[in-house]
Every structure is written in C-alpha cells, then in structure tokens.
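Throughout, protein chains are lettered first and strands after them, A, B, ... in sequence-line order, and every chain is numbered starting at 1.
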Amino acid sequence: MDPDFRGDSDHHDGTSDATPGGYAGQRRPGELAFALFLLAASLYLLWDAYGIAGFEALSSPGAVPMATTAAMVISALIVVLRTARLPKVATESVARDILPLKVILFGVLLLGFGLLLVPLGFLPTAALFLVVAIKYLSGRGWGFTLAVSLGSLLVIWVIFRIVFTVLMPAGIVPEAELLQFFRNLGNGGAE
Amino acid sequence: MKRFILGAASALVLGASGALAQDYPTKEIQGIIQWGAGGSTDTVMRSVTPHAEEILGGTVVLQNMTGAVGAIALNHVADSAADGYTLLMGAENPLLYKVMGLGERDYSAFTPVSILARGTPILVANTEAPFDDYAGMMDYIAENPGEVRFGATGPGGLPSVITGMIESVEGGLDVISVPYDGDGPALTALQGGAIDVMPAVLGASIEGIRAGNMKPLAVFDTQANDKLPDVPAVTSFNEDYNTYLPWGPFFGVFVPEGTPEDVVEKLSNAYNEAAQNPEFTELMDSRGYSIMAISGDEAEQFLTDWQQGTTWLLQDAGLTKNSPEDFGIARPGE
Amino acid sequence: MDTLMAILTVFTQPQLLLLVGLGTFLGVYIGAIPGLSVTMAVSILISFTFSWDVYPAISLMVGIYMGGVYGGSRTAILLNIPGAPSAIATAMDGYPMAQRGEAGEAIGVTTVMSFFGGLVGVAVLALAAPFVAEFALTFQPRDYMLLAVLGILLVGSLSSGSLVKGIFAGAFGIAIGAVGRDPLTFAERFTFDLQIMEGGISFIAVMIGMFGISEALLQLHHVGTDAIRQQIDRIVPSWGTVRKYLPLSLQTSSIGVIIGALPGTGGDIAALMAYDHAKRVTKKPTRPFGTGAMEGLVAPETANNAAVGGAFVPMMTLGIPGDAVTAIIIGALFIHGLNPGPMLMVDQPDMFWFIVGALLTANMFILICGLTGIKLFTKIVEMPRSVLIPLIMLLSVVGAYAVNNSVTDVYWMLGFGVFGYFMRHYGYPLGPVILGVILSRLLDDNWRRAIISEREDLGRFFEGIFTSPLSLVLFVAVVLIFVSQTPLWRMIFRRKGGQTGESGK
C-alpha cells in the first residue's frame with residue numbers, strides 16, 4: 001500500500017477528505033462508471049460554457065467557465081484512464097457496499113420529502129418523513145417513534161419558524177392563521 | 001381549553017375561506033425584499049416597516065430573496081396569491097427587466113402600495129484623479145481617450161443610466177467601464193484606485209465625500225443638493241441635462257395585481273404614513289434621499305414616466321437588448 | 001481616558017454584559033446548526049432590536065457574530081458536518097479526534113484557540129485599524145484574482161487522496177459558482193434556459209448537501225454499530241499545550257485578520273488558508289494531518305475568529321463591510337441614526353471603542369460558553385444513529401430552505417448530497433468543491449475586472465503585476481506553491497513523500 005494513502009481501511013467509504021474512500025490500487029464496483037459519467041458531464045458542460053460567449057474576449061463571461069470546465073474534462077479523463085487500468089476489488093459489490101437497500105430507500109424517502117414539501121407543506125411532510133425513517137431504522141415501538149419524531153419536529157419548527165421566521169411552505173396547514181391566533185391569545189392575556 | 005380549540009378551529013376555517021378585507025390583516029404578512037441583507041433596499045425596508053406595522057396593527061415578516069438582479073423575488077411575489085399577504089419590497093430595476101432581456105415581468109404585474117423615496121445620483125472620483133469637477137473630467141477624457149476607468153454595476157444599473165445620459169448629452173464617451181456587483185464594492189474600489197470615476201447614489205457616497213475619501217464632481221439633478229451645497233448640479237455645466245433630470249432610483253412596496261382595493265388602501269395608508277414618520281424621514285434625509293410616499297394613480301403615473309424616460313434613454317444609448325417599443329413603452333412626449 | 005471608559009462601557013452596564021453573553025450563547029448554537037447562519041440571525045435582529053437603543057442592539061449582534069463563528073466548529077468536530085463554511089477545515093482533523101473519543105479535548109483546544117484568535121483580531125482592530133484598512137484598500141482586482149488563485153492551489157493540501165480527483169472537484173466547484181445570471185453582464189451561464197437556474201446555486205445548499213446529507217447516507221452503513229463514547233473529563237487544555245501552539249496560532253491569526261479585513265473575503269477562506277499554512281510549516285504534527293492533528297484544529301479556528309476582528313477593520317474605519325455580517329451591522333448603525341462611514345471614528349469615537357469592548361467581552365464569553373455546555377453536545381453524538389440520521393436529514397432540508405427561502409435550494413441540496421455520497425465512496429474529496437464555489441466569484445469577477453481595466457491587453461496585465469510590489473509578492477507565492485505541487489519540485493529537492501503525493505497509482 002502506498003505510504004501516503006491514509007484512506008479508511010475498514011470501510012473504504014470516505015469518512016472525510018483527509019481519509020478518502022476507495023482503495024489505493026484497486027477500483028471499487030461502479031467507480032469506472034462514475035468516472036465515465038463525470039467525463040461525459042464535463043464534456044457537456046465545456047460545450048455549454050463555450051456557448052456562453054465563445055472565444056469572444058479574455059474578459060467575456062464565458063472565459064473562466066470555459067477554463068474551469070476544460071480543467072474538469074482533462075482531470076476526469078486522467079481519472080478514467082487510471083481507473084480503467086486498476087483491477088476490480090473482488091470482495092465488494094454495488095448492492096452490498098455502495099448502494100445497499102437502506103441507502104436506496106432513504107434516497108427515495110428524501111426524494112418524496114422534496115416532492116411533497118410544497119403541495120403538502122413542511123409540517124406534515126417532515127412528520128411523515130421522521131416517523132417512517134425512525135420507525136424503520138430503530139425498529140422500536142410506535143410510542144417511541146412518535147414521541148421522538150414529533151417532539152424533535154416541534155423543537156425544530158419552533159426554532160426555525162417562530163424564532164428565525166423562516167417561512168417554510170405551509171401547504172395544507174394554515175400556519176400563519178394559527179400563529180396569529182396564538183399571538184392574539186398572547187396579547188389578550190397581556191391586556 | 002375549549003376556547004382554545006374553538007379559536008384554532010375558526011382559524012382553520014378562516015384560512016380556508018380567505019379573510020375578509022375589513023379584518024385585514026388577520027395573519028402575518030410576508031415582505032419579500034428583492035436585495036440582500038445589508039443593502040440599501042434592505043436597510044430602507046427594515047427601517048420603515050416597523051412603523052407601518054404599528055399603523056397596520058399586524059406583523060410583517062421580512063425575508064431577503066436574492067438572485068438574478070431581483071427577478072427571483074419579483075416572480076415569487078407575482079406568483080403568490082393576490083390577497084395582500086405577500087408584499088414585494090423592491091427598487092427601480094424591474095422596470096428595466098423587459099428591455100434588458102432579464103424577464104417578461106415588471107411592475108405592471110403589480111399594484112404599487114407606496115413609492116417611499118427617491119435618491120439622487122452623483123458623480124464621484126478618486127481623490128487622486130487629475131480633475132476636480134465635471135467639466136475638467138470631460139476635458140481630461142477628451143485628451144486621454146480610453147484611459148479613465150468608470151465603475152459600472154451591470155446593464156440597467158444606475159451607472160449605466162448615468163453613463164447613457166452623459167453619452168446622449170455630450171456624445172460618445174471613450175472610457176473603460178469596469179463592472180462591479182453593486183455600488184458598495186465599486187465605491188470601495190474607487191477609494192483603492194482601481195477605478196477613477198463612479199456614478200453612484202448620493203446616499204452611498206455621502207460619508208466618503210464628507211471624510212474626503214472621494215471627491216464629488218457633479219450632482220445629477222437640476223439643482224445642488226442641500227446635503228452637499230458646494231457640489232454643482234450637472235445642469236450648470238450643460239443645460240441639455242434638463243431633458244432627463246430629475247432622475248433617480250427609488251424604493252417601493254408592491255402587491256400583485258388583483259389585490260382587493262381596500263386591502264391595498266390599508267397598506268398604502270400604513271406605508272405612506274410610516275414614510276412620514278420623523279424618525280424615518282430624518283434617516284432618509286441624512287443620506288440625501290427625498291421622501292415621496294405616493295400611491296394609487298400618482299404612483300402608477302410615476303412608474304410609467306420613469307420607465308418611459310429610462311428605457312428610451314438606454315435604448316438611444318444602445319444599451320438595451322430589446323426595444324421599449326416591443327413592449328408598448330411609448331417614447332416620452334409621444 | 002475616554003477611550004478606556006468607552007471600552008469598559010460593556011462591563012459597567014450589567015444589561016449590556018448580559019446581552020453580549022446571551023448573544024454569544026445563542027451564537028454558539030446558531031453557528032452549530034448548518035443552515036442557521038449568523039448573517040440570517042443578525043438581519044432578523046435588525047427588526048427585533050429596532051426600538052432599542054443602539055448599544056444594546058449592537059451588543060447582541062456582536063455576541064451572536066463571535067459565538068456563531070466559533071459555534072460552527074462544534075458540529076464539524078462531533079458530526080463531521082461543518083455548521084458554517086468557515087468550519088470546513090475544522091472537520092478534517094476534528095472529526096477523526098471525535099472518532100477516537102477525544103471530542104472533549106478537541107472542543108477544549110478549539111475553544112481556547114478561538115478565544116486566542118479572536119483576541120488577536122480585536123487587538124489588531126484596536127491598535128492598527130486605520131493602517132490595516134489602508135492596506136486592504138490597496139488590493140486591486142488583479143490582487144484579488146491572485147489571492148483567489150492562491151486559494152485554489154489549496155486543493156493540493158485539501159486532497160489527501162488523489163490530486164487529480166482533487167483538481168476535478170475544485171474545478172467543479174468553480175463551475176457551480178458560475179451557475180446563473182452573471183452578476184456583471186447578466187449573461188446566462190449554465191442555466192440550460194431554465195428559469196429556476198437563473199438565481200444560481202446557493203453555496204450553503206451545496207455545503208449542507210455534500211457534508212450533511214452525504215454524511216447521513218454514509219452513516220446508514222453503520223446504523224447497527226454503537227456510537228463512540230466520548231471522554232469529557234479532560235476539556236481545558238493544559239498551559240503547556242496552549243504554549244506549544246502559540247507560535248502557530250499567532251501566524252494563523254494574522255492570516256485570519258488580513259483575509260477578514262479584505263472586503264470580499266472572509267473567515268471561510270481564511271480558515272482554509274490557515275489550515276494549508278499549518279500543514280506547510282508544521283514539521284512534526286501530533287498525528288499526521290487528517291487523522292486528528294491538533295495543529296489542524298488550531299489553525300482554522302484561530303483564523304476564523306481572528307477574521308471577525310478583521311472584518312470590523314474596514315467597517316469601522318471606512319464604512320466598508322469586511323463581510324456579509326458587518327454589512328448588516330452597518331445597516332443597523334444606520335437605522336439607529338448613526339452615519340457609519342469614514343467619519344464615524346471622528347464623529348463618534350465612542351462607538352468604535354464600544355464595539356472593541358463588546359468584541360472583547362464576547363470573546364471571553366466564548367471561553368465560558370465553550371468550556372461549559374460540552375456534555376450536552378457530546379450527548380448528541382452518543383444519540384442512537386437511528387434517530388440522529390433522520391434528524392440530520394431533516395435539519396439539512398430546513399437549513400437549505402432557510403438560506404434563501406427557496407425550495408429550489410432544497411432540491412440542489414438533496415442532489416449534491418447524493419452526488420457527494422458517491423464522491424466519498426470513490427475517493428473524490430469534497431472540500432475542494434466548496435473551496436471552488438467560495439472562490440469562484442472572487443476569481444472570475446476580479447479576473448475580468450483586471451483584464452478589462454488593462455483593455456484586454458495581457459502584456460499590460462503582467463506589467464501591472466510586476467510593477468506593483470503587492471501583486472508581485474502574491475504572484476511569486478502563487479508560482480512557488482504551484483511548483484511545489486508538481487514533480488519538478490521533487491526533482492530539484494530530492495524525492496521526499498510530500499503531503500500532496502499522488503496515491504492513485
């Protein structure tokens with residue numbers, strides 16, 4: 001093993017930049033495909049950057065994008081060539097080490113979160129997400145799941161919505177009316 | 001507890017049926033600020049809104065929504081319900097979106113609640129620039145073509161309008177135009193000598209002038225400004241500027257078109273009155289802004305005139321992407 | 001004498017002291033939560049403190065600012081998710097320490113060093129503000145551009161694995177930063193004619209996705225394993241430890257002050273540059289960098305807190321904001337009837353000294369807040385992963401939304417989260433992406449300004465570089481660092497495995 005390599009030797013999944021994922025002398029399942037994808041995407045972006053202003057001037061808005069996408073293409077190409085030469089890791093498979101069911105499931109959950117956020121509103125969507133996710137991961141009873149997820153959602157909502165007045169999509173919950181009601185209640189009590 | 005449930009239930013019903021205008025506001029109002037925190041629009045809106053809230057008897061939650069020269073915020077508010085619960089707090093730029101090719105919408109998709117105040121442009125120079133007034137600058141540019149660096153803030157920004165105005169009045173201006181993303185950074189660069197001249201709003205440069213960190217060349221108005229009585233008006237150098245002046249950027253509050261009239265009226269009264277609050281007027285005066293506090297037809301007329309004058313000025317200077325004609329914006333005086 | 005009184009204003013009025021303390025305390029938590037930013041908190045405070053007097057209002061803001069910059073390190077160390085961009089470098093060595101159960105020690109050192117960095121920042125502000133501000137003003141567009149290039153070269157020290165992958169990540173970051181309407185010409189770049197792309201991609205959303213979501217997804221692999229027990233009996237570092245890092249922290253604090261004082265650059269860039277600096281000058285780190293080196297914690301944390309004092313330098317002397325937060329504080333002063341600008345120090349010197357005093361106080365509160373609530377924070381990491389992971393995901397969504405009230409940012413965040421997950425698996429570093437996004441505008445805008453100012457003439461551009469001492473120094477630094485990362489360097493100075501060595505072969 002390369003003495004410089006300080007990757008995560010247990011899981012090879014990149015805990016941080018300082019301990020990057022992957023192997024020093026082997027390629028992981030899907031690594032080549034990912035590198036090829038990056039190369040293709042970089043080529044497309046280079047073409048798109050050329051479309052901004054062509055080679056009009058050194059100061060054109062397309063100059064830096066073109067330079068940077070060109071750097072992407074070159075580095076992606078080197079990565080592809082190097083990765084292709086490496087032997088595959090025999091002990092790993094995409095389904096077990098890169099994209100196990102759990103990760104795919106959470107990908108789908110997050111996608112659902114994103115899609116429902118606007119039509120359904122933040123509170124119901126987030127509650128749904130937390131309940132499903134915590135129930136699935138912890139495997140504990142409904143009492144625990146509901147208490148933990150709704151409790152923490154309430155805390156987060158109070159911090160962001162009330163203290164920081166971040167207006168999350170209200171969706172089907174008339175948040176603003178409810179808040180006004182509480183405000184009136186508060187004012188009424190004070191008078 | 002019973003009262004609580006009843007209240008919560010009625011709140012739900014109210015939310016579903018849409019509140020009646022005489023009760024307005026029954027919930028908090030969102031104020032979307034077109035520009036980032038700390039900018040001049042942001043500062044103005046955050047200092048006038050608390051006064052307006054008091055008069056309105058409601059809460060206005062201010063949010064900054066930046067991006068695409070304010071077009072993101074404009075589209076967001078234009079697409080939200082016309083019920084008076086979403087306000088756009090903006091500046092003059094949207095009136096130029098169409099001719100600049102930045103978007104299909106401008107304030108014609110909105111009803112003005114209040115045009116709060118107007119600023120005065122001023123031409124300032126680096127203290128080491130080899131000229132001391134407007135006439136000297138024009139002479140220097142004529143003798144040294146392509147050497148003087150003007151600050152700019154992108155097409156349609158105040159500097160581009162002022163530069164366009166100079167070109168219309170004096171003919172071609174052979175200078176280097178260095179783009180910055182706002183007058184703050186450009187004025188910083190001016191003090192560091194990266195640019196020589198900057199057309200800016202008086203409010204942004206007044207403290208720098210007072211401290212002697214930049215020198216004023218001319219006020220772009222028909223008369224000198226109370227705040228800087230020693231700086232000559234540009235019309236004293238060339239009377240032709242009278243055609244275009246007075247001109248200046250402005251700040252205004254808007255609601256989407258179709259908002260119930262009584263709601264608009266309530267909002268207008270609140271913001272117009274708030275703009276007259278002594279605390280606010282003093283604040284604006286110290287920065288050289290003139291309070292306008294106009295609404296209704298008067299505001300509509302102001303917007304139309306402003307758009308006609310400015311878009312055609314930019315069109316004649318060759319700075320536009322689309323002709324104002326394409327959007328039915330008539331040439332002023334026609 | 002008046003000066004001393006003004007500095008001591010905060011101490012003589014219990015109300016102000018309380019507000020600074022409260023601000024610092026809140027700031028630590030705001031900073032620790034990714035998506036809650038100091039910028040946001042301070043701009044909300046403008047409305048909130050509208051009817052207050054100016055001193056209490058500023059006290060609270062200063063406290064939140066100081067506390068927030070420090071707070072970013074908490075989640076970086078404990079969860080590997082930087083609470084703010086300025087804590088990205090902190091995660092690189094802080095998280096490995098937490099993995100060894102040394103989070104308490106890491107937080108202790110971070111706190112003391114943040115305090116020290118903050119102190120240097122305030123000292124420079126108090127003693128040399130006009131001088132530093134004048135120096136900052138001399139930076140021309142070409143100097144900013146060279147500074148950005150210098151920053152981009154940090155990719156080398158940020159990518160411990162493959163350098164080529166690091167270069168790709170950095171270039172990708174610069175491209176992300178260019179998305180949207182170009183602020184200078186309004187030309188559309190990488191927008192694919194979609195309206196939602198016009199506003200560009202918020203780099204906070206990219207950061208939250210790449211660090212928050214991808215970390216949460218990675219943690220899914222380890223749901224079953226128990227969380228690491230943290231020892232928190234040894235928090236306050238010994239005097240010997242502090243003294244050992246004093247020379248390094250003085251250097252990195254200076255980097256922080258200067259970068260902080262430059263308008264347009266802030267604590268995020270300062271912290272990364274300081275990390276890089278530490279890597280270069282430290283011959284024998286406590287452990288190799290990236291596996292829990294104390295030096296890797298000391299450098300970014302001193303620098304980003306020193307940058308706070310730095311950011312106030314141009315603000316107080318010239319009315320020019322050093323960063324986004326000071327821009328808002330200028331607005332606050334304005335609303336409270338002051339005229340922030342170059343005359344402020346002449347007209348109202350008390351205000352200047354009051355802010356110096358408030359910063360000093362906030363710094364002390366960092367020591368108090370930082371060294372106390374550690375137990376609570378470490379409890380967070382010891383939470384079962386089955387609860388922690390969904391909560392991180394939810395906070396990431398809320399945080400990405402909160403930046404600009406935009407659902408589009410949430411989609412970007414999720415997209416970059418998934419992308420970052422793959423990048424980690426395949427050994428692409430994430431830090432350079434964020435570095436690229438942060439530096440993109442600095443590089444692009446200033447390159448164009450510089451070349452436009454020279455009428456598109458490269459000859460005149462280089463002439464400018466060689467005739468200005470400042471540009472020349474920056475240029476030489478760029479060349480030296482660049483060469484040191486290429487094989488040429490090793491050929492000259494015998495082969496010696498450097499930190500940036502290629503490991504992909």
Of the backbone (N, CA, C, O) and the side chain (C-beta and beyond), which part of A:Ser138 lies under 4.5 Å from a heavy atom of chain C, both, or neither?
both

Donor-acceptor contact below 3.5 Å, side chain C:Tyr421 vs main chain A:Ile98
yes

Segment of C:Tyr411 engaging chain A (4.5 angstrom heavy-atom cut-off)
side chain

Sort C:Asp182 into side chain, backbone, both or neither according to what part of it lies under 4.5 angstrom from a heavy atom of chain A.
side chain

Which answer fits C:Leu217, side chain, backbone, both or neither, if we ask what part of it has an atom under 4.5 Å from a heavy atom of chain A?
both

Structural part of C:Val398 lying under 4.5 Å from a heavy atom of chain A:
both

Counting only heavy atoms closer than 4.5 Å, note whether A:Leu45 contacts chain C via side chain, backbone, both or neither.
both

Should we count OH of C:Tyr29 as having more than 12 external heavy atoms under 6.0 Å?
yes

So which of A:Ile159, A:Leu115, A:Leu99 has the largest heavy-atom pair count under 4.5 angstrom toward chain C?
A:Leu99

So with a 6.0 Å cut-off around CZ of C:Arg460, is the heavy-atom count from everything else above 12?
yes

Which atoms of C:Met413 come close to chain A, meaning under 4.5 Å heavy atom to heavy atom: side chain ones, backbone ones, both, or neither?
neither

Contact class of C:Leu414 relative to chain A, heavy atoms under 4.5 angstrom:
side chain

Quick check for you: among C:Glu188, C:Arg449, C:Glu456, C:Lys165, which has the greatest number of heavy-atom pairs under 4.5 Å with chain A?
C:Glu456

Top residue by heavy-atom pair count (under 4.5 Å) with chain A, among C:Thr191, C:Val410, C:Val387?
C:Val387

Quick one: pull up CD1 in C:Ile174 and OG1 in A:Thr69 and give me the separation to the nearest 0.5 Å.
10.5 Å

For C:Phe419 and A:Leu38: C-alpha separation, side-chain torsions, deciding distance, then whether side-chain contact (heavy atoms from CB on, under 4.5 Å) applies.
CA-CA 11 Å; C:Phe419 189 69; A:Leu38 293 183; 3.4 Å; yes

Max heavy-atom pairs within cutoff under 4.5 Å with chain A, candidates C:Ile389, C:Leu184, C:Leu395, goes to C:Leu395

Which atoms of C:Ala450 are under 4.5 Å from chain A, going by heavy atoms: the side chain, the backbone, both sets, or neither?
neither

Closest contact, heavy atoms only, A:Val103 versus C:His221:
CG2-NE2, 4.0 Å

I'd like to verify something: which residue of A:Lys135, A:Glu31, A:Arg27 has the highest number of heavy-atom pairs under 4.5 Å with chain C?
A:Glu31

Do A:Ser42 and C:Phe172 have side chains that approach each other closer than 4.5 Å (heavy atoms only, starting at C-beta)?
no

Among the options C:Ile452, C:Leu394, C:Asp445, pick out the one with the most heavy-atom pairs lying under 4.5 Å from chain A.
C:Leu394

Please report the interatomic distance CZ(C:Arg385) to CG(A:Leu137), rounded to the nearest 0.5 Å.
11.5 Å

Shortest non-hydrogen contact between A:Pro29 and C:Tyr426, atoms and distance:
O-OH, 2.8 Å

Mind ranking A:Gly51, A:Ala133, A:Ala49, A:Pro169 by heavy-atom pairs under 4.5 Å with chain C and telling me who comes out on top?
A:Pro169

Do any of residues 143-155 of chain A have a heavy atom less than 4.5 Å from a heavy atom of chain C, and if so, which, in residue order?
A:Phe144, A:Val148, A:Ser152, A:Leu153

Given heavy-atom pairs under 4.5 angstrom as the criterion, report whether the side chain, backbone, both or neither of C:Ala175 touches chain A.
both

OG1-CG distance between A:Thr68 and C:Asp444, expressed to the nearest 0.5 angstrom
9.5 Å

Can you tell me which portion of C:Gln219 sits under 4.5 Å from chain A's heavy atoms? Options are side chain, backbone, both or neither.
neither

Whether C:Trp447 side chain and A:Leu58 backbone form a donor-acceptor pair below 3.5 Å:
yes

With distance as the sole test, does C:Arg189 use its side chain to make a donor-acceptor pair with the main-chain N or O of A:Gly62 at under 3.5 Å?
no

Please identify, among C:Val407, C:Ile451, C:Leu220, the residue contributing the most non-hydrogen atom pairs under 4.5 Å to chain A.
C:Leu220

Non-hydrogen atoms of chain C under 4.5 Å away: do they reach the side chain of A:Ala70, the backbone, both or neither?
neither

Hey, could you give me each pair passing ring pair (Phe, Tyr, Trp, His ring centres under 6.0 Å) that has a residue in residues 82-113 of chain A? Not counting sequence neighbours.
A:Phe113-A:Phe129

Under 4.5 Å from any heavy atom of chain C - which part of A:Ile156:
side chain

Min side-chain heavy-atom separation C:Phe168-A:Leu39 under 4.5 Å
no

Assign the ring pair A:Phe34 / C:Tyr428 to parallel, tilted or perpendicular, where the plane angle (0 to 90°) is split at 30° and 60°.
perpendicular

Chain A contacts, top residue of C:Gly296, C:Ser386, C:Ala169 (heavy-atom pairs, under 4.5 Å)
C:Ser386

Scanning both residues in full, the closest heavy-atom pair of C:Ala171 with A:Met72 reads CB-CG, 3.5 Å

Proximity breakdown for C:Ala187 and chain A, heavy-atom pairs closer than 4.5 Å
side chain

Ranked by heavy-atom pairs below 4.5 Å to chain C, first place among A:Gly30, A:Ala76, A:Ala63 goes to A:Gly30

Ranking A:Pro61, A:Pro65, A:Ala35 by heavy-atom pairs under 4.5 Å to chain C gives rank one to A:Pro61

Can you tell which of A:Ala71, A:Ala126, A:Ala53, A:Pro100 has the highest number of heavy-atom pairs within less than 4.5 Å of chain C?
A:Pro100

